[in-house]
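This report refers to the structure that appears directly beneath it.
Below, chain A is the first sequence line, B the second, and so on; all start at residue 1. What you see is a predicted model, and the numbers here were worked out from it, not measured in a lab.
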Amino acid sequence: GEDVEQSLFLSVREGDSSVINCTYTDSSSTYLYWYKQEPGAGLQLLTYIFSNMDMKQDQRLTVLLNKKDKHLSLRIADTQTGDSAIYFCAERSGSTNAGKSTFGDGTTLTVKP
Amino acid sequence: DTGVSQNPRHKITKRGQNVTFRCDPISEHNRLYWYRQTLGQGPEFLTYFQNEAQLEKSRLLSDRFSAERPKGSFSTLEIQRTEQGDSAMYLCASSPGTSGTDTQYFGPGTRLTVL
């Protein structure tokens with residue numbers, strides 16, 4: 001079945017870049033997402049990428065996809081203390097009736113001033 | 001667009017009681033999803049609806065769980081005879097249900113504590 005793996009923790013200094021990594025197993029994954037979750041809150045969609053793309057940039061966020069290795073990364077430039085949160089990688093297959101997304105267990109990002 | 005809303009935000013109940021949660025999706029979103037999230041884990045899929053039809057149910061959804069979306073708008077998730085293992089955050093999401101990314105937008109969740 002589908003599986004999504006992430007490293008559990010990342011700590012960076014304010015102003016540095018953060019790179020959060022994710023691997024997935026489902027070859028039919030067509031859409032890959034990054035969500036952010038702050039304490040006590042729901043999930044906020046940050047960005048997504050199609051499986052036929054290698055890279056997507058959106059302001060301070062850069063997503064890199066290596067489809068051969070099924071590896072996805074999220075780079076946050078100029079990380080701020082407000083970026084401290086849990087980041088989830090998720091995948092969804094592209095078939096018409098595929099509704100569910102499969103999530104990793106999240107990477108807790110701590111930004112130190 | 002007011003986003004996905006969920007009620008109540010918190011629910012404390014005693015083991016054996018029944019509980020019901022409500023989710024109001026983004027208006028005109030055809031798909032509605034329920035996920036469960038326990039501490040330290042990512043959301044786990046429970047079920048989803050396309051309009052009023054329940055199209056997929058996870059094996060996690062035991063026979064004590066039932067979800068409905070009678071008019072294709074809001075949805076309810078009921079848990080009967082709650083157990084301590086049901087304690088979790090229950091997340092609802094909605095999506096347009098059209099082709100393409102069909103991105104899911106999440107509500108704030110209902111945190112259930114079973115004593």
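- The closest side-chain heavy-atom distance from Asp102(B) to Arg92(A) is below 4.5 Å.
- One hydrophobic cluster, built from ILVMFWY side chains closer than 4.5 Å, holds both Trp34(B) and Val19(B).
- Annotation for Arg15(B): atom CZ does not count as buried by contact number, only 12 or fewer foreign heavy atoms lying within 6.0 Å.
- Hydrophobic clustering of Ile, Leu, Val, Met, Phe, Trp and Tyr side chains at less than 4.5 Å, counting indirect connections, unites Val63(A) with Phe50(A).
- Closest non-hydrogen pair, Gln104(B) versus Ser101(A), comes out as NE2-OG, 3.4 Å.
- For chain B, the nearby parts of Leu43(A) are the backbone and the side chain; heavy atoms of each come within less than 4.5 Å.
- Taking the six-membered ring wherever Trp is involved, the centroid distance between the rings of Phe45(B) and Phe103(A) does not fall below 6.0 Å.
- Contact of Arg9(B) with chain A is made through the side chain alone, with heavy-atom distances under 4.5 Å.
- Applying the 6.0 Å contact sphere to CG of Leu39(B) captures no more than 12 heavy atoms from other residues, nucleotides or ligands.
- For the atom pair CD of Gln37(A) and CZ of Phe106(B), the computed distance is 9.0 Å after rounding to the nearest 0.5 Å.
- Only the side chain of Gln37(B) comes within contact range of chain A, judged by heavy atoms closer than 4.5 Å.
- From Thr103(B), atom OG1 reaches atom OH of Tyr33(A) across 5.0 Å, with rounding to the nearest 0.5 Å.
- Using a 4.5 Å cut-off between heavy atoms, Gln6(A) makes no contact with chain B at all.
- Ranked by heavy-atom pairs under 4.5 Å with chain A, the list Pro108(B), Gly40(B), Pro43(B), Gly109(B) is led by Pro43(B).
- In this structure, Leu32(A) is not a member of the same hydrophobic cluster as Met55(A), with clusters built from ILVMFWY side-chain heavy atoms closer than 4.5 Å.
- Atom NZ of Lys57(B) sits in a sparse spot, with 12 or fewer heavy atoms from other residues, nucleotides or ligands closer than 6.0 Å.
- Phe65(B) and Leu91(B) fall into different hydrophobic clusters, where Ile, Leu, Val, Met, Phe, Trp and Tyr are joined by side-chain heavy atoms under 4.5 Å apart, directly or via other members.
- Enclosure of atom CD in Glu14(A) by more than 12 non-hydrogen atoms of other residues, nucleotides or ligands within 6.0 angstrom is indicated.
- Atom CD of Glu44(B) is separated from atom NZ of Lys100(A) by 10.5 Å, given to the nearest 0.5 angstrom.
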